[in-house]
Amino acid sequence: MKRLISVVAGVASMVLLAAPHAAQAQDREFGGEIELVDPDVLRVCADPNNMPFSNQAEEGFEQAVARFLAEKLGRKSVSYAYFPQATGFVRMTLGANVCDLIISYPQGDELVQNTNAYYRTAYALVYPSGGELDGVESLSDPKLKDKRVGIIAGTPPGSYLARAGLMGRAKAYQLMIDTRVDNSAKAMIDDLASGEIDAAVLWGPMAGYYAKQAERDYTVVPLHKEAGGAAMAFRITMGVRPADQEWKRTLNRAIAQHQDEINEILLSYGVPLLDEEDRPILSKTGQAPQEALGPDGGTAPAAGEAQ
């Protein structure tokens, strides 16, 4: 049976939640520090409502990866410490010792210790398939002139939209939101379906997932050809505490040994994967999408479907 930890406000509450796990933690020392990693339960830090990454119904690809890793690492179960992935997320989860692993974290962020990257993706352009934008691979393409493009405010693609002269007609969506009540990515794809905007620019995993969930066919183009500005493609790692050196090495070995299987999980959610040469990584199996299965093997509802 999976155990669920809901992270709530108040340090005292988190200490109480962490106490049972701390007693079972691995008693390893590295550099004079003890690694507080549960040897029996894979304790994952997650957002309660941030698809396609995670939600409390355990339908996200981070949770599919967690279940896969738990099996390969010999963990008896998976538990989650939920907190909105905004300011304070690391401090209230990994830093409070109520979980041992953040499944997705940008490489190079100093708030956590990064594992090796397990996928690479980019911001992506989404537009209706079979229309006048077919063939567009860059925000500088003349076909986008006079089109209204959706953009998350404050994200790297904004500078390229401005350079292409598209910002005047662009529709901006909020970056900092409470994922429990709002979803800018889904709102953008809904506006694309209604004709409110002609194209959408989103972080790759969100672009691919919501385009795949939509009733209409959309083309998702990773924007790795943009040049002379902010980076658009990023490596994503897993995040652990700085003291957890052996835990990091364990995860690195698992990533290296099972990269192909992890890729299949990500691809099943529509995540546009890129190798280091910006070439797309495609499925090697052709099997049915894994997002169709919930945590217990049953059919999981589609995004927005009643639970």
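In what follows, every heavy atom counts, from backbone to side chain, and hydrogens, waters and symmetry copies are set aside. Worth saying up front: this structure is predicted, and the values here are computed from it rather than measured.
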Residue pair V37, R241: steps toward the side chain to side chain contact (heavy atoms under 4.5 Å, CB included) verdict: CA-CA 10 Å; V37 178; R241 285 178 290 269; 4.2 Å; yes
Steps toward side chain to side chain donor-acceptor pair (under 3.5 Å) verdict (N183, Y210): CA-CA 11 Å; N183 188 326; Y210 284 107; 2.8 Å; yes
V126/T219 under side chain to side chain contact (heavy atoms under 4.5 Å, CB included): CA gap, chis, key distance, verdict: CA-CA 6 Å; V126 184; T219 298; over 6 Å; no
Worked verdict on F68 versus I262 for side chain to side chain contact (heavy atoms under 4.5 Å, CB included): CA-CA 8 Å; F68 176 81; I262 293 172; 4.2 Å; yes
Derivation of the salt bridge (charged side-chain N to carboxylate O under 4.0 Å, His left out) call for D260 and K284: CA-CA 8 Å; D260 287 346; K284 294 181 178 180; 3.4 Å; yes
Chi angles and distances behind the side chain to side chain contact (heavy atoms under 4.5 Å, CB included) call for V240, V112: CA-CA 6 Å; V240 301; V112 304; over 6 Å; no
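Residues passing the ring pair (Phe, Tyr, Trp, His ring centres under 6.0 Å) test with Y218, sequence neighbours excluded: none. Residues satisfying the side chain to side chain contact (heavy atoms under 4.5 Å, CB included) test with A187, not counting sequence neighbours, are Y173. The side chain to side chain contact (heavy atoms under 4.5 Å, CB included) test applied to E277 returns D275, R279, not counting sequence neighbours. Partners of Y118 according to the ring pair (Phe, Tyr, Trp, His ring centres under 6.0 Å) rule, which considers only residues two or more places apart in sequence or in another chain, do not exist here.
In this structure, D100 contributes its side chain and D38 its backbone to a donor-acceptor pair below 3.5 Å. Remark: side-chain polar atoms of E58 are not paired, donor with acceptor, to backbone N or O of N55 under 3.5 angstrom. Counting only distance, with no hydrogens or angles, the side chain of K171 and the backbone of M188 share no donor-acceptor pair below 3.5 Å.
With respect to the salt-bridge test (charged N to carboxylate O, under 4.0 angstrom), the residues E261 and K72 do not qualify. Salt bridge R120/D278: present, at least one basic N to carboxylate O contact under 4.0 Å. The pair E246-R253 counts as a salt bridge, with a side-chain nitrogen and a carboxylate oxygen less than 4.0 angstrom apart. Ionic pairing of D146 and R169 is not present here: no N-O contact between side-chain nitrogen and carboxylate oxygen is shorter than 4.0 angstrom.
The shortest heavy-atom contact between M238 and L251 is SD-CD2, 4.4 Å. Nearest heavy-atom pair across A46 and S54 is CB-OG, 3.8 Å. Taking both residues in full, the closest heavy atoms of A230 and Y160 are given as O-OH, 2.6 Å, listed atom of the first, atom of the second, then distance. Here the closest non-hydrogen pair linking L274 and T121 is CD1-C, 4.4 Å. Of all heavy-atom pairs between L94 and C45, the closest is N-SG, 3.8 Å. Residues Y127 and G135 come closest through the heavy atom pair OH-N, 3.5 Å.
Screening D141, V221, L144, L125 against L133 for a side chain to side chain contact (heavy atoms under 4.5 Å, CB included) leaves a single residue, L144.
Legend: salt bridge (charged side-chain N to carboxylate O under 4.0 Å, His left out) pairs involving residues 216-235, not counting sequence neighbours, sorted by first then second residue: E137-K225, R235-E276. Screening residues 192-208 for side-chain hydrogen bond (donor to acceptor under 3.5 Å, both in side chains), with sequence neighbours left out, gives R148-E196.
Using cut-offs of 30° and 60° for the angle between ring planes, the F83 and F89 rings count as tilted.
No side-chain donor-acceptor contact under 3.5 Å links Q107 and T237. In summary, the side chains of Q174 and S184 do not present any donor paired with an acceptor at a separation below 3.5 Å, with no hydrogens or angles considered.
Looking only at side-chain heavy atoms (C-beta outward), Y269 and P205 stay at 4.5 Å or farther from each other. Taking the side chain as every heavy atom from C-beta outward, V271 and Y119 approach each other to under 4.5 Å.
Between the CD1 atom of I103 and the CD1 atom of I236 there is a distance of 12.5 Å, given to the nearest 0.5 Å.
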